[in-house]
Amino acid sequence: MGVSFLSLGSIIILLVNSQFSFFISHYEREILIFTLFQGFLSALLSVCLAIPISRSIFRNNFPGKNILVRLMNVMFVLPVLIVILTVIKIFGFNGTPNQILDFFGFEKISIYGLQGILIGHILINLPFAVRLILSGWLMIPSEHFRLARQLNFSRKEYFKYLELPMLIKIIPSIFTIIFLFCCLTFSIALILGGGPGSTTLELAIYQSIIFDGNLGVAARLSLYQLIIMILILIISFKISAKPVFENSLILKAENYIAKNRLQQGLDFLSVATLAIFISMPPIIIFCKGIPNIFSVETFVFSALLNSLLVAFLAATVNLCISVVLSFTIVKEESLRKLVLEIGTFSLICISPLVLGTAIFLALFKYIDISENSLVLTGLVNGILTIPFSLTILLPGFVKITKRYGHIMRSLGLSNFKQIFEIYFPLMKFPIRFAFALVFALSIGDLGIIVLFSGSESSTLPMYLYRLMGSYRMDEAYAVALLLLILALSSFWIIEKGFYYATLRKKMLN
């Protein structure tokens, strides 16, 4: 119950420290408007691009289709700093688009500002949006397609009666998730923001604490951000169904309507666009990082170890809380279950920086924040990723409870035995996937360590950010390569490596 009402606790702490001052200046109002505007525009562009791309993947069979979908899962755990370096390399002052503009005599375009933020957000969110919308297309029963073929539906009728109802059902929630992420993201605004005119609330909160030392302003801005994000989430819950994120998809193209050459060409262009989006970050980081891999300082290994410790703490805390929450939700009555679910999923509205601000305000008088920065970072990351793991675990807990609940009650099993003897064995694959996801996300996170970190407690993302800030780009690409390998390999080892080890052990026995 404590985690479910963490949002309320943060609001109380921020309210007290804001000295109940609700007046925002003209500049702060502009920051709020820009934050909502860039979040809306980023989400709109990501969703509008994702709809035709997911449709093209769904209705076509092509070599590497399953691999492309699996790579979309990998993009979800890609560290944000990797994406930022990719944006700077491709669209920066000496990037290919600017070189083309310069060749034809046009003025080069700066990547810093709104345009840079939009490109970074689209690069991160497009694969995620395609993945979720693709799940929606697969939710349409195949019988509907067969019936539509028998009735000789036109393209407009296919869209009106089969596709449009599905999109209306799932798009608002997908749009809301991306919108919240774009409003709450910190790293992209910090590096690509480009000045006062492109400052988001997250960046303003950071500046108020680190540079101005004005905790009242930071608390007030955090309070406004938290309330607005929760209101948006509640509206989304009212008008839309929750999106489903499945670990694996059964991909069978439904050739439900004939395609002319133009449509085939557009489908190919859509799939190629997604493939380029997915492949750009790792290719660039590998090409730029490998030649400079021996230029990194030995301090990087200390930062790497710190990142692993933070990720392990975050994943462990997250798993313990998520399992208990899932078990509690399936056992509660309808009203209390609804309160728990809404309270828990409201954590998605809290950015690491806002929760970090609340923790900082509550604890800075009593403990040395910088000395405990790694522990605090791990705890915050573990708590704030609960909505992701709960989305993965809760459907399985519901199914097991419906199927075996009466047996567990008749045997008189305690809650402890139910979790470890029934749920854990049957849920080992979703649990491992959730643990791997949180572990990989925490390795690449920069959002909270910048608030807590001292000079002796750097993580790999923090070390990479400092290199970028001092324009040591050769070393930055090398460290980015280490961060990329660490995030992707840890995700694969935790999710798949243990599975193959267990399979090999069974084969040997």
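The two residues Ala480 and Leu85 have their closest heavy-atom pair at CB-CD1, 3.4 Å.
Side-chain N or O atoms of Asn125 include one that pairs as donor or acceptor with a backbone N or O of His121 at under 3.5 Å. The main-chain N or O of Leu460 is found under 3.5 Å from a side-chain atom of Ser307 such that the two form a donor-acceptor pair. Proximity of a side-chain donor or acceptor of Ser322 to a complementary backbone N or O of Leu319 within less than 3.5 Å is not detected.
Summarising the local packing, CZ of Phe420 is surrounded by more than 12 heavy atoms from other residues, nucleotides or ligands at distances under 6.0 Å. Residue-environment remark: CZ (Phe424) exceeds the threshold of 12 foreign heavy atoms within 6.0 Å. Within a 6.0 Å radius of CD1 in Ile407, other residues, nucleotides and ligands contribute more than 12 heavy atoms.
Residues Leu482 and Ile293 form a side-chain contact, since some pair of their non-hydrogen atoms from C-beta on lies under 4.5 Å apart. Annotation: side chain of Met473 is not in contact with side chain of Lys288 (no heavy-atom distance under 4.5 Å). Using a 4.5 Å heavy-atom threshold, the side chains of Phe433 and Phe491 count as touching.
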Could you go through the side-chain contact (heavy atoms from CB on, under 4.5 Å) check for Ile88 and Met468 one step at a time? CA-CA 11 Å; Ile88 294 174; Met468 294 171 66; 4.2 Å; yes
message = Applying side-chain contact (heavy atoms from CB on, under 4.5 Å) to Ile290 and Tyr477, what does each step give before you reach the verdict?
response = CA-CA 8 Å; Ile290 290 176; Tyr477 280 112; over 6 Å; no
- Would you sort out whether Asn98 and Ile111 count as a side-chain contact (heavy atoms from CB on, under 4.5 Å), showing the intermediate values? CA-CA 10 Å; Asn98 271 327; Ile111 191 60; over 6 Å; no
Note to self: Using side-chain contact (heavy atoms from CB on, under 4.5 Å), reason through Asn381 and Val317 one step at a time and then give a plain yes or no.
What the structure shows: CA-CA 9 Å; Asn381 285 338; Val317 169; over 6 Å; no
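Put simply, CG on Leu437 and CZ on Arg432 are 14.0 Å apart, with the number rounded to the nearest 0.5 Å. From Leu274, atom CG reaches atom CG of Leu269 across 11.5 Å, with rounding to the nearest 0.5 Å. Interatomic distance, Leu114 CG to Leu118 CG, rounded to the nearest 0.5 Å: 4.0 Å. Taking CD1 of Ile90 as the start and CD1 of Ile284 as the end, the distance is 3.5 Å to the nearest 0.5 Å.
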Per-pair distances, 0.1 Å, donor-acceptor, side chain in residues 176-191, under 3.5 Å, sequence neighbours excluded:
residue: Thr176; atom: OG1; partner: Pro172; partner atom: O; Å: 2.7
residue: Thr176; atom: OG1; partner: Ser236; partner atom: OG; Å: 3.1

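In this view, Thr401 and Tyr423 satisfy the side chain to side chain donor-acceptor pair (under 3.5 Å) rule, not counting sequence neighbours.
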